[in-house]
Novice: 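I'd like to ask some things about the structure below.
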Amino acid sequence: MARKILCVAEKPSIAKSVAQHLSGGQFNTHSIGGNAFIKNYEFDFNFSPPWGQCSVIMTSVVGHLTGLEFAQEYRKWNACAPGQLFDAPVETGVDKDKKAIAANITSQAKYARALFIWTDCDREGEHIGSEVRQAAFEGNRTIEVKRAQFSNTEREHIIRAAQNPINLDDLQVNAVAARTELDLRLGAAFTRFQTLTLQTMGGDLQDRIISYGSCQFPTLGFVVDRYFRVQKFVPEKFWSIKVMHKREDMEVTFSWRRHRLFDRASVVTMFERCLTACIAKVTKLQKKPTSKWRPLPLTTVELQKLGSMYLRIDSQRVMKIAEELYNKGWISYPRTETDTFDKGMDLKKLIEKQGQDQAWGGYALTLLRGGFKQPRGGRHNDQAHPPIHPVNYVAPSSLADDERRVYEFVVRRFLACCSEDAKGESTTVEIQYGDEAFSANGLIVLERNYLDVYPYEKWTSSQPLPKFSLNETFEPTEANVTEGETTAQGYLTEPELISLMDANGIGTDATMAEHIAKIKEREYVMTQPRAGSAQTNGTTSRGGRGGRVVRGGSSARGGGGGGGSVQQFIPTTLGVALIEGYNGIGLETSLGKPFLRKEMEIKMKEICAGTTSRNDFVHETLEQYREIFVRTQQQAGVLKAVSDCITFA
DNA sequence: GCAAGGTC
């Protein structure tokens, strides 16, 4: 009886670190023919019963092994009417460039008693596990299949996972299979239909692909939605009362509790009552400690948002750079939803490695000498990867420019997480003046703490307030009515777009940047720099009616560092026409809205919970989209309008 | 020539 166990991870890097932990560093490495990345690691390990001491082959795949395709006779664009793709037969096949990897698993399985699957513990990982299982069955019908449950690659954790295997969860496998089938059928059907129809209408759309995808369309929808809100915005005038007082050579501005009103006559009346009263009285005086919280451990979505906010690098490029840094071993796996560090992780060891840096090394050392605080924990955990953090030190001078900036950000963010919150003292003075209440705020920063290593955030002491005492009365130095106007929100920026996608479940942390790049490539949207923008700390005040307040005509936006300006997304005529076309069809669920994708996400969770079956879900969803498809065909005018827009624009 | 999901 062969005492051999085959282990397969989702990616080469995991196979390697698992092999290192289980073997204690004693393993042989074999290359496989046909793929330069995959290695087979060979060693012995003592598993829990019934397996006991076994020889192990640890290898990996590189993500999915297989893909879903239409049967051969439906692959040509003119082979069938696009509508037939709703029911056309589909088949699963091993991707061309994955044949050698599948063959490796098939042949290794022949001599193995059991297969241990070490793919990531998320839905896609479960499905990849089922693809691995299938490849193993091709070589060995009776191989026993288990799955290791792990959420990081720490030694103890990995050994525990090896000794407590569970079973593959076929419910999760089914959920992913359903999504795959729907994305293929709907994507291909609508893409071919739109593209072919618009081609026959002539105009400038001859050689373009007018693609539809369950993620790219809602992404486009967000851009178009904001565009129209900006276009339709009507500015409104508002008025406010400002009170100033000079004391001890300091000028204090009190702001009105009512903030602002949209009726000038009322404001003037109230203001006159203040003047009549003449005297203001201090009604409340409060000093209290306040703090600014250190940031949460870094997730992919945050990295993408902050990359474009702080570093002005777009999300796709940030991800590409992060992947390179990961592949070189400088930072941890950059695709993670987790914003909590595992309790068992040795964070101090990671901080120590940063001690040698010229810029932040000194700060890292102060953390080790007592400044260290266990990071805050967020509410997200994908059970597969830790938050993004530096794993090794690399001298910034040896990195390319943007690479250096991303690495520095990851390091500084990590050190900030492990620091104490910033501490300050806030003072509030409230006064009664006539019938109106006003207040002034002062802040003194006492300890900067994490802010010393995290220059991306600002927290500055305001001008200190002069002394006031409770119930004292005084005559304000100056008071007047100010006038302002609400201004429209800007067009959508990339961080805003990513937030919307995240909140609506459009795409995954690993693919959001791709969807954004896709709608640019299709020329559904374009980006342009926002005029007059500079780096902000995300503290822009917003007006109550959707607009940003510009007081007395002068913009509150300050300077600040940062290269370049914020990019904003503007839909092209084509993008607008597509979304408007589908919104105008009159069905409640438009292709341009995020609801359908959101529902898909909910249904996938139901499949995982066992309350919905894969078949029911696929059929119901197909029927739902078929109605939209049929209606779109009937109302050819919808797409005709798109064509006209483009031709005569 | 289509999608979205993995990863290199």
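Chain naming here is simple, since letters A, B, ... match the order of the sequence lines and numbering starts at 1 in each. Since we're looking at a predicted model, the values are computed, not measured.
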Novice: Under 4.0 Å, counting only non-hydrogen atoms across every strand here, what does Arg123(A) touch: a base, just sugar-phosphate, or nothing?
Specialist: nothing

Novice: Can you give the first and last nucleotides of DNA chain B, 5' to 3', that have an atom under 4.0 Å from a heavy atom of chain A?
Specialist: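 With heavy atoms of chain A under 4.0 Å away, the range is dG1(B) to dC8(B).
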
Novice: Checking Glu623(A) now: which residues fulfil salt bridge (Lys or Arg N to Asp or Glu O under 4.0 Å) with it, not counting sequence neighbours?
Specialist: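 Partners of Glu623(A) under the salt bridge (Lys or Arg N to Asp or Glu O under 4.0 Å) test: Arg626(A).
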
Novice: Quick one: list whatever passes ring pair (Phe, Tyr, Trp, His ring centres under 6.0 Å) with His64(A), sequence neighbours left out.
Specialist: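 Partners of His64(A) under the ring pair (Phe, Tyr, Trp, His ring centres under 6.0 Å) test: His127(A).
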
Novice: Does Pro12(A) reach a base, just sugar-phosphate, or nothing at all? Heavy atoms under 4.0 Å.
Specialist: sugar-phosphate

Novice: I'd like to check Asp95(A) versus Leu65(A) (side-chain heavy atoms, cut-off strictly below 4.5 Å). Are they in contact?
Specialist: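 Asp95(A) vs Leu65(A): side chains apart.
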
Novice: If you find the nucleotide of DNA chain B closest to Gly213(A) and the one closest to Phe37(A), which residue's nucleotide is nearer the 5' end?
Specialist: Gly213(A)

Novice: Tell me every residue that passes ring pair (Phe, Tyr, Trp, His ring centres under 6.0 Å) with Tyr333(A), counting only those two or more places apart in sequence or in another chain.
Specialist: Tyr326(A), His385(A)

Novice: Would you please name every residue forming a side chain to side chain donor-acceptor pair (under 3.5 Å) with Asp401(A), sequence neighbours left out?
Specialist: Arg404(A)

Novice: List the residues meeting salt bridge (Lys or Arg N to Asp or Glu O under 4.0 Å) with Lys328(A), not counting sequence neighbours, and say none if there are none.
Specialist: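 With sequence neighbours excluded, Lys328(A) shows a salt bridge (Lys or Arg N to Asp or Glu O under 4.0 Å) to Glu403(A), given in chain and number order.
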
Novice: Asp339(A): which residues meet the side chain to side chain donor-acceptor pair (under 3.5 Å) condition with it, sequence neighbours left out?
Specialist: His380(A)

Novice: Checking all strands, does Tyr212(A) fall into the base, sugar-phosphate, or nothing category for heavy-atom contacts under 4.0 angstrom?
Specialist: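 Sugar-phosphate contact only.
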
Novice: Select base, sugar-phosphate, or nothing to describe what Leu68(A) touches, counting heavy atoms under 4.0 Å on all strands.
Specialist: base

Novice: Counting the atoms with a prime plus P, OP1 and OP2 as sugar-phosphate, which does Asp120(A) contact under 4.0 Å by heavy atoms, base, sugar-phosphate, or nothing?
Specialist: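 Result for Asp120(A) = sugar-phosphate.
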
Novice: Which residues within residues 506-525 of chain A lie with some heavy atom under 4.0 Å of an atom in DNA chain B?
Specialist: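 Residues of residues 506-525 of chain A that come under 4.0 Å of DNA chain B are, in numerical order, Gly507(A), Thr508(A), Ala510(A), Thr511(A), His515(A), Arg522(A).
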
Novice: Thr191(A): what forms a side chain to side chain contact (heavy atoms under 4.5 Å, CB included) with it, not counting sequence neighbours?
Specialist: Trp77(A), Thr195(A), Ile209(A), Ser211(A), Tyr212(A)

Novice: Reckon Arg179(A) touches a base, only the sugar-phosphate, or nothing at all at heavy-atom distances under 4.0 Å?
Specialist: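 Result for Arg179(A) = base.
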
Novice: Nearest-nucleotide wise, let me know which of Glu323(A) and Tyr74(A) is further upstream toward the 5' end of DNA chain B.
Specialist: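 Comparing both residues, the 5'-ward one is Tyr74(A).
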
